[in-house]
Number of protein chains: 4
Amino acid sequence: MVYYKLTAVVTALCYNIRIYNYNIFNGDFMTSTSEQKHDIILDSAFYLFSTKGFYETKIAEIAEHAGVAKGTVYLYFSSKEELFKEMTRRNFDEFLDGLSNELTRSSSFAEKLNKIADHHLSYFYNMRNHTRIFFQGLNNDPEFMEVMFHHIENYVNLVTNVMESESINESKLHAKAFVGMLENYKMDILFTKSFTKDHLNQRVDFAVKLFMNGCKR
Amino acid sequence: MVYYKLTAVVTALCYNIRIYNYNIFNGDFMTSTSEQKHDIILDSAFYLFSTKGFYETKIAEIAEHAGVAKGTVYLYFSSKEELFKEMTRRNFDEFLDGLSNELTRSSSFAEKLNKIADHHLSYFYNMRNHTRIFFQGLNNDPEFMEVMFHHIENYVNLVTNVMESESINESKLHAKAFVGMLENYKMDILFTKSFTKDHLNQRVDFAVKLFMNGCKR
Amino acid sequence: MVYYKLTAVVTALCYNIRIYNYNIFNGDFMTSTSEQKHDIILDSAFYLFSTKGFYETKIAEIAEHAGVAKGTVYLYFSSKEELFKEMTRRNFDEFLDGLSNELTRSSSFAEKLNKIADHHLSYFYNMRNHTRIFFQGLNNDPEFMEVMFHHIENYVNLVTNVMESESINESKLHAKAFVGMLENYKMDILFTKSFTKDHLNQRVDFAVKLFMNGCKR
Amino acid sequence: MVYYKLTAVVTALCYNIRIYNYNIFNGDFMTSTSEQKHDIILDSAFYLFSTKGFYETKIAEIAEHAGVAKGTVYLYFSSKEELFKEMTRRNFDEFLDGLSNELTRSSSFAEKLNKIADHHLSYFYNMRNHTRIFFQGLNNDPEFMEVMFHHIENYVNLVTNVMESESINESKLHAKAFVGMLENYKMDILFTKSFTKDHLNQRVDFAVKLFMNGCKR
DNA sequence: AATGAATGAGCATTCATTCAT
DNA sequence: TATGAATGAATGCTCATTCAT
């Protein structure tokens, strides 16, 4: 099976931190054990995939980390690829939901750009020590590609809407440029051990000002 | 062995197109068959790795594509990983050499930014149908990581120098922001089948103007 | 990695015959399928290694002979080398346990020497048609070497104790000489197709008498 | 190809030390370059096979050690197996020739036994630091097996003749027992780093006396 | 005769997935 | 539901041997 092609970079766009989730209490009538297990497996998958990459992570490891048997993973996810996709989906959704939420509470244009930049960079900052990113995806799986496209599109659209609300022409090109800046600063976070919250704020401010006013000569 | 971690995105930064390379002419007193074979294998590796990714590409495929036996690959490269690294190195070098060369011939600031943007986007545009990108690297190999860092650093430094020659403050942050814009436009190229040279030029102009003047409200 | 060096001859010292082992009876409350499989694989490994040698025996063959899948072998033994070592260990242990046991039941010196000689030669006689010996070991594996040394030492010590119990000087040199005789008669067994139990008994008697009285001129 | 079976232990019986052999002078009319090369390759094969074993030694290494090209090895020996066999043959011959020669010059029975023991043990003592033994042969090659048998037979016959010259009954059984003692002392030489010439002489004397008089109680 | 680049058969090992319990 | 023992396809790499020069 040789599929089309696939992206992956953007996988790194969306993360969230989950803690290994013990089932503290299961009342007799309490259900959702299975729903919980589903999530715990997803958490473990996220933790390991993001730490070691898709190929380097073994199903056995995910199962062990989740505290279930290998076979159980297959009760909830039909394949390793499917598990990876679900994980990606969930992370993207959470990323976008969070951003969407924050934007609602913003008023001015500058404030909105600030929220976007801060959300983007903080997202990666928060997990910088916790996990390592993976720039890896399912290069030959068209379905995965589609999921990725859809999510990136959604993100850019969100930013594009902000642009349009300010009556900016070429709103999409503007949106992509802004997101691009942030993506590149993300690298600083991920690869600079000494990166601090101050550095982050500096970059947020810098990106917004540069985007609004251009470079200062 | 779990190494640090590694990036890969930027692998996609540098490409170049090579054609399966027959030895058209051999001067009387020299034959560099072996050097040629080295390059042909590298070309095939580039083509396949970039089309399918590291893990999805088999040494047997590279050998077949290069028209040599499996064992021959190992005559020139000690391992699959090493082959991948060599390929990455070569591509980066060519990308940077080309850019470096073009910048020398540029005069004004806008012109230089233009060259950078054009070089970056054209690079990927030229291979858009030819190969597919991979956003994949050797996530656990510290040596590969170092090579990647080194190359990204070199690219950013080249752009940073341009900023400094214009006495721009925070030259590095500016440089990274600009490269980030381009990287994001690269996505358009790679994932939009109907992308034309006109679209490319439009983005080059747009990126330069946005960077210099900020968004036009 | 070039380790010290290793012996192997003596590997041939210890053998035992095992038959492909079906689980005839399983008590109601226990099944040691996994322990059985471990032993069945060991049996097959013994049969094949001793028939064809370490390098000539393929894991696939061992698996097939044991009636399991290739992967199953690795469930019980971490590598081909490890399997070989385990097999060697087991054979030596059984050889020594058997001898140890027989010596306890012997009384006079001559009787003890007889038991040693008989045990040694019978051991190989019993498997003379069944398997063929291998004079091969893991020449570069220090761990294997150590195991071998340890076992040979144990064998010689057992014989040395017998010498000492008779207040013989230079007990160790005596022990080694006696074992040496037997080892050389072993060759007759292994390479003479017409070798019979009578021949064996003749050699047992001969070795004991020669050792006790010297050559008869 | 699954042959009968094969021995190897005894391979270790016969060794000799050769020094890497430069062709100091080749007069114009002097031939035998090719004969020399044949021997140099055999020397290298001996050195490496005995140091590392058959499977662990690569043809490329032998060629390099001999200072010739890989292909050249095949001009003189049709295969790796053949090279191994030739080497074994040569070593055995030299061992036997040496012994044969020494026996001619001996008179009394004790003296002859002494010569045998000394020749046997000295042989291995002389190369104890120089090379390491290999207990490895071509386990599946019937031709190799035959060569080995033939040589062992010759050695035992030589010793048997000594026994017969003394009118000893069961001369062959006596001969094998004596050789067996020596073989086992050989182990001491090979595996005891602190083994000295004195230890050797002690063992020679001990073996002869034990063989002639039996154990001293 | 001598070379050494090229070959490709051969094999240990891994790991996603299944299924009997 | 949950388990984990068993499976076997899949692949990177080695190295004896060949052959054009």
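Any value given below was found using the heavy atoms of this structure, including those in side chains, with hydrogens, waters and symmetry copies removed. In the text below, chain A, chain B and the rest are named by the order of the sequence lines, each starting its count at 1.
Pairing of E/dA1, defined by two Watson-Crick or G-U wobble distances under 3.5 Å, is not identified with any nucleotide. In this structure, E/dT14 and F/dA9 make a Watson-Crick or G-U wobble pair, each of the two defining distances being under 3.5 angstrom. In a base pair of the Watson-Crick type (N1 to N3 plus N6-O4 or O6-N4) or a G-U wobble (N1-O2 and O6-N3), with each distance short of 3.5 Å, F/dC15 is matched with E/dG8.
Whole-Å rounding puts the D/I41 CD1 to E/dA2 P distance at 8 Å. One atom, OH of D/Y55, and another, P of E/dA12, lie 12 Å apart when rounded to the nearest Å. As a whole-Å value, the separation of C/K52 NZ from E/dC11 C1' is 13 Å. Distance A/E64 CD to F/dG4 P: 11 Å, rounded to the nearest Å. Per the geometry, NZ belonging to A/K58 stands 6 Å off P belonging to E/dA16, to the nearest Å. Protein atom CD of C/E61 is 12 Å distant from nucleotide atom C1' of E/dG10, rounded to whole Å. In this structure, A/K80 atom NZ and E/dT14 atom C1' are separated by 11 Å, rounded to whole Å. Straight-line distance from the CZ atom of A/F77 to the P atom of E/dT18: 16 Å, rounded to whole Å.
Proximity of a side-chain donor or acceptor of A/S78 to a complementary backbone N or O of A/Y74 within less than 3.5 Å is not detected. Using a distance-only test at 3.5 Å, with no hydrogens or angles considered, a donor-acceptor pair links the side chain of A/T57 to the main chain of A/L48.
A ring-centre distance under 6.0 Å is not found for D/Y55 and C/F54.
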Every protein N/O lying under 3.5 Å from an N/O of nucleotides 7-9 of chain E:
{"residue": "E/dT7", "atom": "OP2", "partner": "B/A69", "partner atom": "N", "Å": "2.9"}
{"residue": "E/dT7", "atom": "OP2", "partner": "B/T72", "partner atom": "OG1", "Å": "2.4"}
{"residue": "E/dG8", "atom": "N7", "partner": "B/G71", "partner atom": "N", "Å": "3.3"}

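Within the nucleic acid shown, D/Y76 comes within 4.0 Å of sugar-phosphate atoms alone, with no base atom in reach, counting heavy atoms only. Using a 4.0 Å heavy-atom distance criterion, B/T57 is classed as a sugar-phosphate-only contact.
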_Before you tell me yes or no, could you show the steps for A/E61 and A/K70 under salt bridge (charged side-chain N to carboxylate O under 4.0 Å, His left out), namely the whole-Å CA-CA distance, both residues' side-chain angles and the distance that decides it to 0.1 Å?_
CA-CA 9 Å; A/E61 293 173 326; A/K70 249 186 305 176; over 6 Å; no
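In this view, A/E86 satisfies the side chain to side chain donor-acceptor pair (under 3.5 Å) rule with no residue, not counting sequence neighbours.
Evaluated for a side chain to side chain contact (heavy atoms under 4.5 Å, CB included) with C/F77, the options C/T72, C/I41, C/I62 yield exactly one hit, C/I41.
The A/Y74 side chain lies nearest to E/dA16 when the options are E/dT13, E/dA16, F/dC13.
A cation-pi geometry, defined here as NZ or CZ lying under 6.0 Å from the six-membered ring centre and within 45° of its normal, does not hold between B/K37 and B/Y76.
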